[in-house]
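First up is the structure itself, then whatever we jot down about it.
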Amino acid sequence: MTDAVRVRGEAAEVSRAEAQAVMAMLRDEQRRSRLADVVAAVDEGRVEGDDAAALGELLELGLQTGRLRSIYGPEGEQAALTLFRRLPQGRALSRSTSELNTALEALGGRTLDRVSVHSVGPGEYGVTISAEGVELALRLGPNGARISTIGT
């Protein structure tokens, strides 16, 4: 079970409105019920467990597509992003970025020899960085940034 995340202010307004908007478009009763649970949790001021995961999915999609910014403006988007970073999906992205930064520190002070970028698949890219005998292969994509390999 995940820790409870407080939801208030503009983040609560955007979350509630977005969940209700998506709920109105859904025909699948199970998915509608899941979003109704999210709305109820947002109205209580906190989400956790399955509700936090569902809200994270909803906000992630809205942020990726630009829908939140277009409907709720930059302030609504920023409120949603701040909330997303506290939800399980956002925390996972932060962890992967932190791990990547730790690995990149191995290149500190070294002369850069080569950098290359290649497409791995839809929305997924590989980046290889070589510096004085150290090579890092990174993956950047929808699931975050992560180390693929570290070599010498």
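Hydrophobic clustering of Ile, Leu, Val, Met, Phe, Trp and Tyr side chains at less than 4.5 Å, counting indirect connections, keeps Leu35 apart from Leu61. Hydrophobic clustering (ILVMFWY, side-chain heavy atoms < 4.5 Å, transitive): Leu138 and Val117 are in one cluster.
In this structure, CG on Leu63 lies 6.0 Å from CD on Glu77, to the nearest 0.5 angstrom. In this structure, CE in Met23 is found 8.5 Å from CG in Leu26, a value given to the nearest 0.5 Å. Note: Arg67 CZ to Leu59 CG = 11.5 Å, rounded to the nearest 0.5 Å.
Within 6.0 Å of CZ in Arg8 there are 12 or fewer heavy atoms belonging to other residues, nucleotides or ligands. Applying the 6.0 Å contact sphere to CZ of Arg46 captures no more than 12 heavy atoms from other residues, nucleotides or ligands.
Judged purely by atom type and a 3.5 angstrom limit, Gln89 has no side-chain atom pairing as donor or acceptor with the backbone of Glu60. Although no hydrogens or angles enter the test, the distance criterion places no donor-acceptor pair under 3.5 Å between the side chain of Glu10 and the main chain of Ala79. Side-chain N or O atoms of Ser94 include one that pairs as donor or acceptor with a backbone N or O of Gly90 at under 3.5 Å. At distances below 3.5 Å, at least one donor-acceptor pair connects side-chain atoms of Thr97 with backbone N or O atoms of Leu93.
When each of Asp51, Val5, Val7, Leu58 is paired with Leu87, the side-chain contact (heavy atoms from CB on, under 4.5 Å) condition holds for Val5 and for no other.
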Between side-chain atoms of residues 119-129 and protein atoms elsewhere (two or more places apart, or another chain), which donor-acceptor pairs fall under 3.5 Å?
unit_1: Glu124; atom_1: OE2; unit_2: Arg146; atom_2: NH1; d: 3.4
unit_1: Glu124; atom_1: OE2; unit_2: Arg146; atom_2: NH2; d: 2.7

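With contacts defined as side-chain heavy-atom distances shorter than 4.5 Å, the pair Arg6/Arg86 qualifies. Side-chain contact check for Leu83 versus Leu55: some heavy-atom pair is nearer than 4.5 Å.
Under the side chain to side chain contact (heavy atoms under 4.5 Å, CB included) criterion, Asp113 pairs with Ser130, sequence neighbours left out. Looking at residues two or more places apart in sequence or on another chain, you find no salt bridge (charged side-chain N to carboxylate O under 4.0 Å, His left out) involving Arg31.
Between Glu13 and Tyr72, the side chains place no donor N or O within less than 3.5 Å of an acceptor N or O (distance only, hydrogens not considered).
The shortest heavy-atom contact between Ala19 and Val39 is CB-CG2, 3.6 Å.
Between Arg34 and Asp50, no side-chain nitrogen of the basic residue sits less than 4.0 Å from a carboxylate oxygen of the acidic one, so the salt-bridge criterion is not met.
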